[in-house]
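Down below is the structure, laid out as C-alpha cells.
Starting from 1, each residue takes its place in the sequence as its number. Please read these numbers as outputs of a predicted model, since none were measured by experiment. Values below: every heavy atom of this structure, side chains too, minus hydrogens, waters and symmetry copies.
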Amino acid sequence: MAAPGPGEYFSVGSHVSCLTCLGQQLQGEVVAFDYQSKMLTLKCAPSSGKANVSDVVLINLAYVSEVDIISDRTETPPPLASLNVSKLANRARSEKEDKLSQAYAISAGVSVEGQHLFQTIHKTIKDCKWQEKNIMIMDDVVIAPPYQVENCKGKEGSALSHVRKIVEKHFRDVESQKSVPRPQAQQTQKDSTLSS
C-alpha cells in the first residue's frame, strides 16, 4: 500500500513498517496520523541504542512506496501525557531572549571573540547581558573590549574573581583548541574553499 486511500487511516498505537522511495525501511508505533497532509508520526527504536528513549520520525507518505500494517490497535490508546505549558512558555521566552541578545551583539559590532566569551559566561551565569559592546554580569562585573581578564571591572569580591576565572579558562580552552591539529579531510576542505 503506497498511501492511504479515501477513508483509510492509521490507528494510534498500531505498528507499521514503511519503505521510503529512497529504500529506507522504517518500523515503529503510530503516534499520530494526519490524513489531510498524509503525514505519519512513528515512535521507533532509538538510533542511539539507549534504553528508555525512542526516536520520533515524521514521514511524508507521498515519499513512501510501501506501508505494511504489522499489528493494528483496536483498543482505545492511552491518554496523552500532560504538558507543563508554563514551563514550555518560559523556555520559549528564554530562548527568544538569548537569540535577541545574540542578534544585538552582532548588530552592535561585537567581535566574534566577544560573542564566544559571552556564550561561555552565559552557560555558567544566566544573569549576563550586553550593554552596548560591554558584557554586564549580575550588574556587578563589566567586561569591556577586547574582553581579556584585565578588562574585567567591578567591585573586588567573589563575583569579580569568579568571572575572571571563567574568562581565563575560556581563553585557555580557545588556545588549546588552536593547538590541536585538525584532521586532514577538514584541512583539505578548508584549503579548497579558500582557493575558490
Side-chain angles (χ1 to χ4, degrees), residues 1-103 106 112 115-116 118-126 128 166 169-170 173-174 176-193:
M1 154 174 161
E8 293 183 22
Y9 62 94
F10 297 98
S11 301
V12 171
S14 298
H15 286 269
V16 299
S17 174
C18 302
L19 180 64
T20 68
C21 60
L22 299 174
Q24 182 182 15
Q25 185 75 35
L26 300 168
Q27 183 175 327
E29 178 184 340
V30 175
V31 177
F33 173 63
D34 181 54
Y35 180 78
Q36 294 284 31
S37 62
K38 304 288 191 263
M39 293 297 291
L40 178 65
T41 306
L42 295 182
K43 181 169 71 172
C44 303
S47 57
S48 66
K50 293 181 181 177
N52 301 326
V53 296
S54 301
D55 288 350
V56 176
V57 182
L58 295 173
I59 303 168
N60 184 342
L61 293 178
Y63 299 102
V64 170
S65 59
E66 186 178 326
V67 177
D68 294 317
I69 298 175
I70 297 169
S71 65
D72 202 7
R73 182 176 202 127
T74 54
E75 67 272 4
T76 306
L80 296 173
S82 62
L83 296 175
N84 185 339
V85 177
S86 65
K87 186 176 179 180
L88 290 171
N90 286 339
R91 185 173 171 190
R93 181 186 46 74
S94 175
E95 289 295 320
K96 181 180 177 183
E97 287 172 359
D98 289 350
K99 296 300 178 195
L100 287 173
S101 176
Q102 290 174 2
I106 292 168
V112 173
Q115 293 172 40
H116 288 183
F118 180 89
Q119 290 168 353
T120 300
I121 294 169
H122 193 261
K123 288 177 190 173
T124 306
I125 304 171
K126 294 295 180 198
C128 64
I166 293 171
K169 183 177 182 323
H170 169 76
D173 292 348
V174 167
S176 68
Q177 287 175 355
K178 285 181 183 177
S179 64
V180 174
R182 290 180 295 161
Q184 185 63 34
Q186 287 181 347
Q187 182 66 38
T188 307
Q189 182 181 11
K190 185 177 180 186
D191 292 344
S192 66
T193 306

List the residues meeting salt bridge (Lys or Arg N to Asp or Glu O under 4.0 Å) with K126, not counting sequence neighbours, and say none if there are none. none
Student check: side-chain heavy atoms of V67 and I59 closer than 4.5 Å: no
Below 4.0 angstrom, N of the basic side chain to O of the carboxylate: do E97 and R93 qualify? yes
Spatial distance of atom CD (Q27) from atom NE2 (H15) [nearest 0.5 Å]: 8.5 Å
Minimal non-hydrogen separation, R73 against G13, with atom names: CD-CA, 3.5 Å
Distance col, row C128:SG vs K123:NZ, nearest 0.5 angstrom, shows 12.0 Å
Could you walk me through whether F10 and L61 pass the side-chain contact (heavy atoms from CB on, under 4.5 Å) check? CA-CA 12 Å; F10 297 98; L61 293 178; 3.7 Å; yes
Checking I125 against I166 for the side-chain contact (heavy atoms from CB on, under 4.5 Å) test, could you report, in this order, the C-alpha distance in whole Å, the side-chain angles of both residues, the deciding distance, and whether it holds? CA-CA 10 Å; I125 304 171; I166 293 171; 3.8 Å; yes
Looking only at heavy atoms, which two atoms of S37 and N60 are closest? And how far apart? O-OD1, 4.3 Å
Can you tell me how far OG of S11 sits from CG of D72, rounded to the nearest 0.5 angstrom? 4.5 Å
Residues at least two apart in sequence or cross-chain that pass ring pair (Phe, Tyr, Trp, His ring centres under 6.0 Å) with H122, listed by chain then number, are F118
Check whether any side-chain N or O of S17 sits under 3.5 Å from a backbone N or O of D68 as a donor-acceptor pair, and report yes or no. no
With a 4.5 Å limit on heavy-atom distance, are the side chains of V31 and V12 in contact? no
Nearest-0.5 Å distance, OG1 of residue T124 to NE2 of residue H170: 11.5 Å
Using atom types as modelled and distance alone, determine if a side-chain donor or acceptor of S94 lies under 3.5 Å from a backbone N or O of N90. no
Say whether, by atom type as modelled, one donor and one acceptor occur between the side chain of S65 and the main chain of C21 under 3.5 angstrom. no
D55 and A45: which non-hydrogen atoms are nearest, and at how many Å? OD2-O, 3.6 Å
For the atom pair CD (E29) and OG (S14), what is the distance rounded to the nearest 0.5 Å? 8.5 Å
